Novice: 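Got a structure for you, written out below as structure tokens; questions coming shortly.
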Amino acid sequence: QLQFVESGGGLVQPGGSLRLSCAASGFNLDYYAIGWFSQAPGKEREGVICINASGGSTNYADAVKGRFTVSRDNAKNTVYLQMDNLTPDDTGIYYCAVPRPPQLLELCPGSDSRPPRPANFRSWGQGTQVTVSS
């Protein structure tokens, strides 16, 4: 089965930046769309951003548009989430995942105007903690 390991989180001040990594274990992620999700303490997991297998389009949450960028390096079998101008509202555990059947594996499910929905994804990693505090 496809497995991911998330890393790169940490403690930063408001306005700071982090770069998260989503590394595939044992499988080639070139064929998969990848979604990023966050979960704040006591809240449900929410979609942040998604990138198609081709890398040609993304789905953003309104709160992160213009601040977060997702990219992929197929040679390293890794997808990245660059987070700039962080705010305390960005605090949470960040996960990556892939579309689950019957969704198409290579495309981000849903409308481009809406963030990815957790119910449409599978193969969650352990997550990486992001804390934004002064």
Side-chain angles (χ1 to χ4, degrees):
Q1 59 184 23
L2 184 61
Q3 295 180 313
F4 291 108
V5 177
E6 300 95 337
S7 62
L11 174 63
V12 298
Q13 295 183 339
S17 298
L18 286 172
R19 191 188 193 192
L20 307 185
S21 297
C22 174
S25 178
F27 293 89
N28 189 345
L29 56 67
D30 294 2
Y31 307 110
Y32 295 92
I34 304 295
W36 282 96
F37 304 82
S38 66
Q39 187 167 22
K43 298 184 178 180
E44 295 183 345
R45 191 174 299 172
E46 298 180 344
V48 176
I49 195 170
C50 183
I51 183 170
N52 291 329
S54 68
S57 64
T58 58
N59 301 59
Y60 293 89
D62 289 341
V64 306
K65 189 176 180 62
R67 300 188 298 119
F68 290 12
T69 303
V70 63
S71 62
R72 57 197 310 151
D73 187 338
N74 291 337
K76 297 181 179 179
N77 214 27
T78 301
V79 171
Y80 301 99
L81 179 62
Q82 178 67 43
M83 305 186 296
D84 297 322
N85 195 23
L86 287 162
T87 75
D89 289 340
D90 296 318
T91 293
I93 303 175
Y94 282 72
Y95 303 87
C96 57
V98 300
R100 65 178 298 158
Q103 310 297 328
L104 296 176
L105 300 179
E106 71 272 20
L107 298 176
C108 294
S111 172
D112 289 345
S113 65
R114 300 183 182 276
R117 297 181 180 273
N120 291 330
F121 289 77
R122 66 183 176 99
S123 299
W124 307 100
Q126 85 288 349
T128 184
Q129 177 70 48
V130 172
T131 303
V132 184
S133 177
S134 60

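The residues of the chain are indexed from 1 along the displayed sequence. The structure displayed is predicted, hence computed values, not measured ones. These numbers come from the heavy atoms of this one structure, side chains and all, not from hydrogens, waters or symmetry mates.
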Novice: Provide the full list of ring-ring contact (aromatic ring centres under 6.0 Å, His included) pairs with a residue in residues 31-56, sequence neighbours left out, each pair given once.
Specialist: Phe37-Phe121, Phe37-Trp124
Novice: Taking C-beta and beyond as the side chain, do Asn120 and Pro99 meet within less than 4.5 Å on heavy atoms?
Specialist: no
Novice: Is there side-chain contact between Leu20 and Val130, with at least one heavy-atom pair below 4.5 Å?
Specialist: yes
Novice: Just by modelled atom types, is the Thr128 backbone N or O under 3.5 Å from a matching donor or acceptor in the Glu6 side chain?
Specialist: no
Novice: Answer yes or no: are there more than 12 heavy-atom neighbours, outside Arg122 itself, under 6.0 Å from its atom CZ?
Specialist: yes
Novice: Is the shortest side-chain heavy-atom distance between Val12 and Met83 below 4.5 Å?
Specialist: no
Novice: Output, in order, the C-alpha distance, side-chain angles, deciding distance and verdict of side-chain contact (heavy atoms from CB on, under 4.5 Å) for Thr78 and Phe4.
Specialist: CA-CA 9 Å; Thr78 301; Phe4 291 108; over 6 Å; no
Novice: Can Val79 and Leu29 be said to form a side-chain contact (heavy atoms from CB on, under 4.5 Å), step by step?
Specialist: CA-CA 9 Å; Val79 171; Leu29 56 67; 4.1 Å; yes
Novice: Let me see the working for Asn59 and Arg114 under side-chain contact (heavy atoms from CB on, under 4.5 Å), right down to the final yes or no.
Specialist: CA-CA 6 Å; Asn59 301 59; Arg114 300 183 182 276; 5.9 Å; no
Novice: Stepwise, does the side-chain contact (heavy atoms from CB on, under 4.5 Å) test hold for Ser54 with Glu106?
Specialist: CA-CA 8 Å; Ser54 68; Glu106 71 272 20; over 6 Å; no
Novice: So does Asp62 have more than 12 non-hydrogen atoms from other groups sitting under 6.0 Å from CG?
Specialist: no
Novice: So with a 6.0 Å cut-off around CD of Gln39, is the heavy-atom count from everything else above 12?
Specialist: yes
Novice: Once you round to the nearest 0.5 Å, how far does CZ of Arg19 lie from OG of Ser7?
Specialist: 10.5 Å
